[in-house]
Amino acid sequence: MKQQDLDNILRKVADLQVFCEYGQRTLPILDEISSFMRQISSAVEDLNAVIEVAIVNIPKAAGQLDRVTQATTQASHDILNILDRMVGTLDEVVTVVSSGMMEKDLNDATTKMSGVVKMLVEKSGWDEDIVRLAETWESHLQHLRMTGPTNNLERLLKDLQTDCTEIMMALQLEDITQQHIGAVMGTIDGVAEGLRKLTVGFFETAETRELPVSTPLPLDPELVGERERKKMVEALLEKARTGEL
Amino acid sequence: MTSMKILIVDDSITIRRIISTALKTVGYSETVEAANGKEALAKLENGNVDFIITDWNMPEMNGLDFIKEVRSKPMYSSLPILMVTTRGTEHDVIEALQAKVNSYIVKPFTPQELKEKIEGILKTVQVNTL
């Protein structure tokens, strides 16, 4: 049944009512039908207006979500590119440090420095403060020789590389969010399509339209929280291993 | 570094890059990539793939159908497959296991987790082929 059909019925009921009144055979049921049809007609008109607004707004909202997804993906790529460059540079620096080139430079510098300090002590005529400075320098030098000058630097650089990898791993969130947005967008598209069909021929048997297969709305996991879900997965894998599943 | 060639199947280029980087940090540097099951089947035919890491939700051919297709070929019946996905319901895991996936990770994951899963699968596969 369409809006036009509804209007026709309403007109016929009104004609019948007039005819009955004219023939002094007013039936209460005709009054009730007439009033009911008028109410329906007005409700349908209201619903139509709401649906028309929704049909325009829903694709707009879906488009905005799509743009958000694209922008997030682009940002993730940019971050990944920068991190890739950082990891590459850190790799080069670690290679230089571990090859001992810096250690050699440092050894040359400390040898020169030791010579200068020794000369300073002699020239000062064994001044108490200068002697104390020379002793402090010697103790620092011993410490440097024991720990190795590059060990700490190498460790720090490797820590930086680990940090870069952790940032990369955190970008998985972008994909997880995108999958959920994709599922919501599939549902929104389905609703918009349903509404569009409703306005074309409401009350008509509309053919059911399935949502895109690639974007099913994810089921709520039985277990909330990453750790709990991983535990559940491990328990199932163990059952599969032991043949219980 | 090991010489094992790993096929990474995921429609998200970000995730493919992340998995590839994670694999490199734990010693697996040789990887090939595919954006869906169909593309992955072609890559599988082209090269000597030793291990598959696949997502579930993908266009064209999803991960589950891809695994079923791979397992239907006798030459790939024992090829190690690890599923890495956001799908984390009990029903999902059981369905994947029934499709004969070797192991399963719910995203997000860490490089260490990935390494442990790969090593675990390889151990099991070795034991089974002895």
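Proteins get letters first, then strands, A, B, ... in listed order; numbering begins at 1 in each.
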key: Atom group of I15(B) that falls short of 4.5 Å from chain A, counting heavy atoms   = side chain

request  = Using the side chain to side chain donor-acceptor pair (under 3.5 Å) rule, take T73(A) and Q178(A) through it: C-alpha gap first, then chi angles, then the decisive distance, then the call.
outcome  = CA-CA 9 Å; T73(A) 306; Q178(A) 203 172 322; 3.2 Å; yes

request  = Go through the atoms of E113(B) and report whether side chain, backbone, both or neither lie under 4.5 Å from a heavy atom of chain A.
outcome  = side chain

ask   = Which atom names give the shortest non-hydrogen contact between N102(B) and L79(B), and what distance separates them?
value = OD1-O, 3.7 Å

task = Please state whether the side chain, the backbone, both or neither of T14(B) comes within less than 4.5 Å of a heavy atom of chain A.
result = both

request  = Measure distances from Q161(A) to the heavy atoms of chain B and classify the residue's part below 4.5 Å as side chain, backbone, both or neither.
outcome  = neither

ask   = If you look at every heavy atom in M4(B) and I118(B), which pair is closest and at what distance?
value = CE-CG2, 3.9 Å

request  = Evaluate whether atom NZ of K73(B) has more than 12 neighbouring non-hydrogen atoms of other residues, nucleotides or ligands under 6.0 angstrom away.
outcome  = yes

